[in-house]
Visitor: 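Got a structure for you, questions after.
Given the structure is predicted, the values throughout are model-derived calculations rather than measurements. Order of the sequence lines sets the chain letters (A, B, ...), proteins ahead of strands, with each chain counted from 1.
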There are 2 protein chains.
Amino acid sequence: MPEVLEAPAAATMLDDHGAHAPRTNAAGRLLAVLDAFGPRSRALSLSEISRRSGLSLSTTHRLVHELLSWGALERDTNGRYSIGVRLLELAALAPRGLDLREAAFPILDDLHHRTRGNVHLGVRNGLEVVYVEAIRACATHPTNGRIGDRWPMHATGTGLVLLAFADRDLQEEALSRPLERFTPLTITDPAELRRKLAQVRQSGYAVAVGQITLPDLVVAVPVYDPFGDLAAAISVVVEAARAKPQVLVSMLGDASGEITRRLAAQSGQRLVRSMPRVRGFAGGHGVPATA
Amino acid sequence: MPEVLEAPAAATMLDDHGAHAPRTNAAGRLLAVLDAFGPRSRALSLSEISRRSGLSLSTTHRLVHELLSWGALERDTNGRYSIGVRLLELAALAPRGLDLREAAFPILDDLHHRTRGNVHLGVRNGLEVVYVEAIRACATHPTNGRIGDRWPMHATGTGLVLLAFADRDLQEEALSRPLERFTPLTITDPAELRRKLAQVRQSGYAVAVGQITLPDLVVAVPVYDPFGDLAAAISVVVEAARAKPQVLVSMLGDASGEITRRLAAQSGQRLVRSMPRVRGFAGGHGVPATA
DNA sequence: ACAGCGCTTCCGCCGGGCGAAAGGAAGATG
DNA sequence: CATCTTCCTTTCGCCCGGCGGAAGCGCTGT
């Protein structure tokens, strides 16, 4: 385990992911309650929340009920607590969240049907990717890729793209911490990863094999907002055996451009010229294909 | 320019929807900051948040930065604040939220492609419906129906279903408050609505015309969880002219059953027998497709 | 230059909230 | 049936975290 670099003072947080240290700050206590919930723990009893947040039972009790009456938490039939729809309503307002999804969805759906692969729309958050949309081919790939999933950047297609086009010091920070291994093929060597990123930066897209799930190949490209800034990345995951990477790159390139266009339409913004472009794919006249 | 009113101390909540009064409670202040955001105000400056929440500027400042460092808020390039992806991550954990969406999506997507209509998945929250998924036919129906949208129950297909099968006293509460009118056809008479609900209860589905958008017809059916409890409602909206309600009812009935089955599979639950059923449609062998 | 606005920081006083502890409900174990 | 455990709920007094007034700063527009 790496020592904590951010010096968050000592604390006893049992967070599901790993970080955060809201400590004895007032608002922090409220957030600690929310932090108690995670993918592995969607429904918690009061005392579980208390233990996980490190707050006394009575404090937890009051806070939980405050959140309850506001709608941030709900109580199921067993008396356990879970995240409430009010939070979904709020989250839907995130410009980089379901808003982005809204613009991208039809294109991603189309991509999904044409490639029969898993399609992801991811944005960078800190040093990780968060999926804002994920369309899965029926049964394959058990739980991989859901909305709200958070993954390290080095092992995902979208992450590689987002990292490659991020600030240099952010890249360095990402490279300087331990790179988790998911399969024998996962890139965990900083030098190799650095080479990979350069390649992504140069070609304008990422292709990777078996980084998280073994028999799979992922292709990812960046998505730009109407101002020409990197907004997100989209990827398609298919079985490596039946993959035609160049075709996928081309389709993704078209899709990315289309999403940017729809983002512009949505916000009433005018497109900025000279948008970065995917190389090795003659921009523009992709197969339109409506369902 | 309006003179600075100096925050009249009393509750000056300018909530986007209408209610809530968190007032001087501690946690309430934090939530008031979040409440400042709404569909009409996704990006706010600090002082806007301050005004909307009724909190002093310095308090707002501190709270906002606390939320910022936790990831609940993000700061865009103009320095304005908006909802952050961390909240999306949290919201994705809601059992009645994106979790439910996850199970329902393939079925809804299929429904969308077969009917070419707008498909909604809604759950009840208080006296309103919140959409957990919404798939829109391309350009039609401008902004109607997005994830996280909140609508009164009496005017939406999903709402009618959810209300019809809710507790009697909840129905009464909903009927006892003013029923907003959206079009000349919107049902706003409690007596008429009561009749409508009885009809929905009896038939097992709802059909309504022009409740929110004029030339449209909506068909909705309930969705049950594996325990046989009402979990959500799904609906399809199409132009009234080209609608074949009975076909839609049949397709929706099948879809609903399928969603329940997937929910069961997802949670490892066994299906409870004797699930309520959509009447006037011989369960199971629905007419496949018409496009 | 000045004025107006919005963001940030500081600080002292005050009251909201913390947590120990006790009470209560419900289930497990003997 | 008694007892033990676990979890939830409520109360209460003391204390310290946080509230907000005010001042400082950096914009932008006239």
Visitor: Please report the distance, rounded to the nearest Å, between CG in B/Asn78 and P in C/dC7.
Guide: 12 Å
Visitor: Distance-only, no hydrogens or angles: does the A/Thr60 side chain make a donor-acceptor pair with backbone N or O of A/Ser56 under 3.5 Å?
Guide: yes
Visitor: Any salt bridge (Lys or Arg N to Asp or Glu O under 4.0 Å) pairs touching residues 158-169 of chain B, not counting sequence neighbours?
Guide: B/Arg168-B/Glu172
Visitor: Can you check the A/Leu44 CG to D/dC8 P distance for me, whole Å?
Guide: 11 Å
Visitor: Can you tell me the distance, in whole Å, between the CG atom of B/Leu73 and the P atom of C/dC7?
Guide: 14 Å
Visitor: Round to a whole Å and report the spacing from CZ of A/Arg75 to P of D/dC8.
Guide: 8 Å
Visitor: Go through C/dC7, D/dC8, C/dG6 for me and flag the one nearest to the B/Arg51 side chain.
Guide: C/dG6
Visitor: To the nearest angstrom, how far is B/Arg80 atom CZ from C/dC5 atom C1'?
Guide: 14 Å
Visitor: Where the side chain of B/Thr158 meets the backbone of B/Ala233, is there a donor-acceptor pair that is under 3.5 Å apart?
Guide: no
Visitor: State, without any angle test, whether A/Arg150 and A/Asn125 hold a side-chain donor-acceptor pair at a distance under 3.5 Å.
Guide: yes
Visitor: Looking only at atom types and distance, does a side-chain atom of B/His154 sit under 3.5 Å from a main-chain N or O of B/Leu175, one as donor and one as acceptor?
Guide: no
Visitor: Out of D/dT10, D/dC8, C/dT8, which has the shortest distance to the side chain of B/His61?
Guide: C/dT8
Visitor: Can you check the B/Leu55 CG to D/dG20 P distance for me, whole Å?
Guide: 7 Å
Visitor: Can you tabulate the close N/O pairs, meaning under 3.5 Å, that link protein atoms to atoms of nucleotides 14-17 of chain C?
Guide:
from	atom 1	to	atom 2	distance (Å)
C/dG17	OP1	B/Asn25	OD1	2.9
C/dG17	OP1	B/Ala26	N	2.2
C/dG17	O3'	A/Arg62	NH2	3.4

Visitor: Rounded to whole Å, please give me the gap between CG in A/Leu57 and C1' in D/dT10.
Guide: 11 Å
Visitor: Taking C-beta and beyond as the side chain, do A/Ile234 and A/Val221 meet within less than 4.5 Å on heavy atoms?
Guide: yes
Visitor: Rounding to a whole Å, what distance do you find between B/Ile49:CD1 and C/dT8:C1'?
Guide: 15 Å
Visitor: Counting heavy atoms from C-beta on, name the nucleotide in C/dG6, C/dT8, D/dT9 closest to the side chain of B/His65.
Guide: C/dT8
Visitor: State plainly whether the residues A/Arg101 and B/Glu133 are in salt-bridge range, i.e. N to O under 4.0 Å.
Guide: yes
Visitor: Would you mind telling me which of C/dT8, D/dT11, D/dT9 lies closest to the side-chain atoms of A/Ser58?
Guide: D/dT11
